[in-house]
Structures are given as structure tokens and as C-alpha cells.
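Take a look at the structure below.
Whatever order the structure lists them in is the order used to number ligands and atoms, beginning at 1. Quick note: residue numbers are just sequence positions, from 1.
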Amino acid sequence: MPDFASSLSALTGESTLLYQEIARNVERTKGIKTINFGIGQPDLPTPSRIREGAKSALDQGYTSYTPALGIDELRSKVAEFLSQRYGDRILKEEVAITPGAKTALFLGFLLYINPGDEVILFDPSFYSYAEIVKLLGGKPIYVPLRFDETQGFRFDIEDVSKKITSKTKMIVYNNPHNPTGMNFDRKLTDELYNLSSEKKILLLSDEIYDHFVYDSGFKSVLSESGWRDNVFYVNGFSKTFSMTGWRLGIVVAKKDVINKIGVLASNIYTCPTSFAQRGALHAFETMDEVRSMIETFRRRRDAMYSEVKKIKDIKVYRSSGAFYMFPDFSEILRKSGLDSKSLAIRLIEDGGVVTIPGEVFPQEVGKRFLRLSFALSEEKIKEGVARMKAVLEKLADEKEKR
Ligand SMILES: Cc1ncc(COP(=O)(O)O)c(C=O)c1O
């Protein structure tokens, strides 16, 4: 076989999926039922109206190619929903439907990154950003988020500003944020938007968790009146409507950017799945169900926070967005001599509890943290945190005996 393309050597292959694999092995070999704080999707089924829509599309034989940018009705519905939510008049021609938000992100990078271009990312951030930037020959430039136990994570706009050079092509913003569970303050979103627009740098804004906000309002970059000049907006159906396996993502950008996506789409994947799009036409009719899911998640967040807070040596803050908690395990790592990866593996193997080590989310900051998802029942949350506590106590005992 010939060698793989040299660009592939940039990929680490690191992802959250590895820890699910270890968990499956532990379940098989030790017969333990694991509790999964590693999951990145709601545990509730897709609302029935959406499922029925897709089923009847299938029954009607709606199984052919669709337009590359998605069906007009769905693009219009997305445009209408976002226009109402953010107060601007977003046009159908400014919306593309993609096979999942990950594809939307990939297209965003593909459209703009030339080898050598710099892309500003927050540290930590969703692992795919850096991987794709590197695959395309770009260079991730990290701005560390600052952590404080009571406020959670924040960034300082001066830190971002200092990283801008003549090679900076793009800033990637993800709000609410994976893995930290922050819904960043409105002021920070404004500052970042203003900086990128002033410097004429593209702002790729991944707002896939936009409905998962718990304490204060959420500010979308689409509510900035000048967004068309420098925003590439990404969202999707996966999280809000519990549709991860349906693979439906959303891009909002200026019309000529969307047209370029059409060209790429027709060469790469032709179109998003036909009957899935027909199901998604009903998504915005289910907002009552979404709101009730968010209330459930708020209770889960509170349950997880109060349980984790009881564990000695962990610093935790109450997440304000997404469905992740990102506690600081530095003390435990220092005392046990483990790194976050080995600790996550110990938690799976000894306690049957799955977490994601922060170092999966590049680059440096995450190494002191573990990501815990609260997308599971309060009962499981309590049981999982109790298991985690037991493993940590055992680790402390082992250290004392040594
Ligand atoms: C921040 C972020 N963006 C994008 C995605 C990908 O979403 P999709 O399943 O629609 O590809 C995820 C999924 O975990 C995510 O956490």
C-alpha cells in the first residue's frame, strides 16, 4: 500500500471516543456496569414529531438526493427561527444544512485556511478545531482561559489581542463552551466580536449548545448587526433536539460564502440526508420539549455540583452552559503522581465511572481537569460521583502506605 498523505501526520487521533472504548472493555472483562460521565449527547430520545416526520418521508419514498445546501423548506425554517431569536432578518440564502455540525466546522476551515495561516483557539477547546486546522496546514495559536473556582473560566480580550499577527486568519469561539461548561459573559462576546471585526479577522462561532444555558441570558454573535462581514456561524440539531445520529448541522454566513459551501458540498457529500431533513422540519415545533429538557438538565447540573463539591481536593464551579462540568483535579493529581489520562483510566477500571481527561481538549490548561457530563439521570449522577469519591480515597490510602 502507498503511504498515507503527509498532512495526516498532524492528526493525533485523540478524541473522547477512546474512553468509551476503554469503558466497553471494562464492562466486558470485569462485568461492571459503568456510569458514563463521558457522553456528549442528551440521553433523551429525539422528540416524536421529528421521528414521525422522517418516518413518513421514508414511507413516501423521499430517499433521493436533495439540493446540496439542503431542502429549501428547512433552510427557510432555520432562517425564520434564528431571525426571531436574534432580531435580524436572516435569509434562506444565508443558511446551509450540512451533515452534522462537525462537517459545518470542517467546511469553515476548508474555505479559509491556507498553509501557514494562524487560527486563534481558546485553551482548552473542542478537540476537532485544532486537528482540522493542522490537517489543512494551518497553525493553532492558543489563548489560555483563566480559571477561578467561583467564576469558572473567562478570557481576557487583551490576551486574544496580543496573539493577533499578520498571519491570523480566524478566531474560533465556542459558546456555551465545551469542555468547560461556561456560558461566557455577554461583555466577553461583544469584546471578541468587536476585536475580530475591527481587525477584519473571521470569527467562526460554534453555538451548538446555545439552548443549554442555565443562569443568565445567552448572547449570539448573530445578534451583532454587522455579522455578515466577518462571521461564520455554526449550529446543529444534534444537541438541542437530541439528534446526534441524524447528522444535521447548520451554517449561517453571507450569501456568497453559502454558495461556496454549495460547491464544496456537491463535490464532497452531495447533500445532507433527505429523510432526516424532512424530520428536522418539525424540530422548531418541539421547543416546549426542549425547554423542559433544559429544566431537567438544570437540576442535574445542581445535583452534580453539590455532590462533586463535597469531595476533598477538587475545585469545582457551577457550570452555566452546555452539559459539562470541568472540575480542577490538580491537588489529586499532585498527591497521586498521576496525570489526568491515567486518572481517567483508573476511574474507569477501578470505579466503573467514565470521565474525559482535560488533555483531550488542547492544549495545556485542560491537563489539570476532568470533564464530567451531566447528561444522565440524577440517580446515576449521585452514584457516579460516589464511585469517583471511593476511587480517589483509595488512591490517597495507597499513597499514604507507600
Ligand atoms: C463544541 C462542539 N461543536 C460541534 C460538535 C459536533 O456536533 P455534531 O454532532 O452535530 O457534528 C460537538 C459535539 O460534541 C461539540 O461539542
Side-chain angles (χ1 to χ4, degrees), residues 14-20 36-44 46 50 70 74 78 95-110 119 121-133 140 145 153 170-184 189 203-213 218 220-221 232-252 261 265 268-269 272-273 276-277 279-280 283 290 297 319-326 354-356 358 360-362 366 371-376:
E14 186 75 341
S15 91
T16 52
L17 301 177
L18 173 71
Y19 298 87
Q20 307 296 349
N36 201 339
F37 290 155
I39 38 175
Q41 59 186 336
D43 56 335
L44 307 166
T46 305
I50 305 176
L74 187 55
V78 170
V95 174
I97 307 298
T98 59
K102 267 191 187 161
T103 307
L105 293 168
F106 183 76
L107 292 168
F109 293 123
L110 194 58
V119 176
L121 301 177
F122 288 107
D123 176 9
S125 57
F126 182 50
Y127 57 86
S128 307
Y129 306 146
E131 295 282 275
I132 305 304
V133 169
L145 291 177
F153 286 84
M170 192 189 276
I171 299 174
V172 179
Y173 189 40
N174 169 216
N175 190 33
H177 187 250
N178 177 8
T180 66
M182 283 309 290
N183 169 23
F184 292 112
T189 301
L203 184 63
L204 188 158
S205 188
D206 177 351
E207 302 185 9
I208 194 152
Y209 296 100
D210 61 349
H211 292 273
F212 296 84
V213 294
F218 166 72
S220 168
V221 298
F232 188 92
Y233 168 96
V234 171
N235 205 324
F237 293 83
S238 294
K239 317 281 176 178
T240 310
F241 304 104
S242 219
M243 290 172 71
T244 50
W246 294 61
R247 310 311 301 133
L248 290 174
I250 295 166
V251 175
V252 177
I261 291 184
I268 303 173
Y269 54 82
T273 305
Q277 293 183 70
V290 171
F297 275 61
S319 315
S320 49
F323 35 75
Y324 306 113
M325 211 153 275
F326 203 54
V354 187
T355 61
I356 305 294
V360 166
F361 308 96
R371 192 190 75 176
L372 313 179
S373 158
F374 49 84
L376 65 184

Strictly by modelled atom types, are Thr189 and Tyr173 linked by a side-chain donor-acceptor pair under 3.5 Å?
yes

Ring centroid separation for Tyr324 and Tyr209, is it under 6.0 angstrom?
yes

With Phe361, the side chain to side chain contact (heavy atoms under 4.5 Å, CB included) member among Thr180, Ile356, Asp123
Ile356

Minimal heavy-atom distance between Ser238 and Arg247, with the atoms involved, is OG-NH1, 3.8 Å

If you take all heavy atoms of Phe153 and Phe184, which pair is closest and at what distance?
O-CE2, 3.8 Å

Within the 4.0 Å heavy-atom sphere of ligand 1, strictly under, residues:
Gly100, Ala101, Lys102, Leu105, Phe126, Tyr129, Asn174, Asn178, Asp206, Ile208, Tyr209, Ser238, Lys239, Arg247

How close do Ala375 and Phe323 get, heavy atom to heavy atom, and via which atoms?
CB-CD1, 4.1 Å

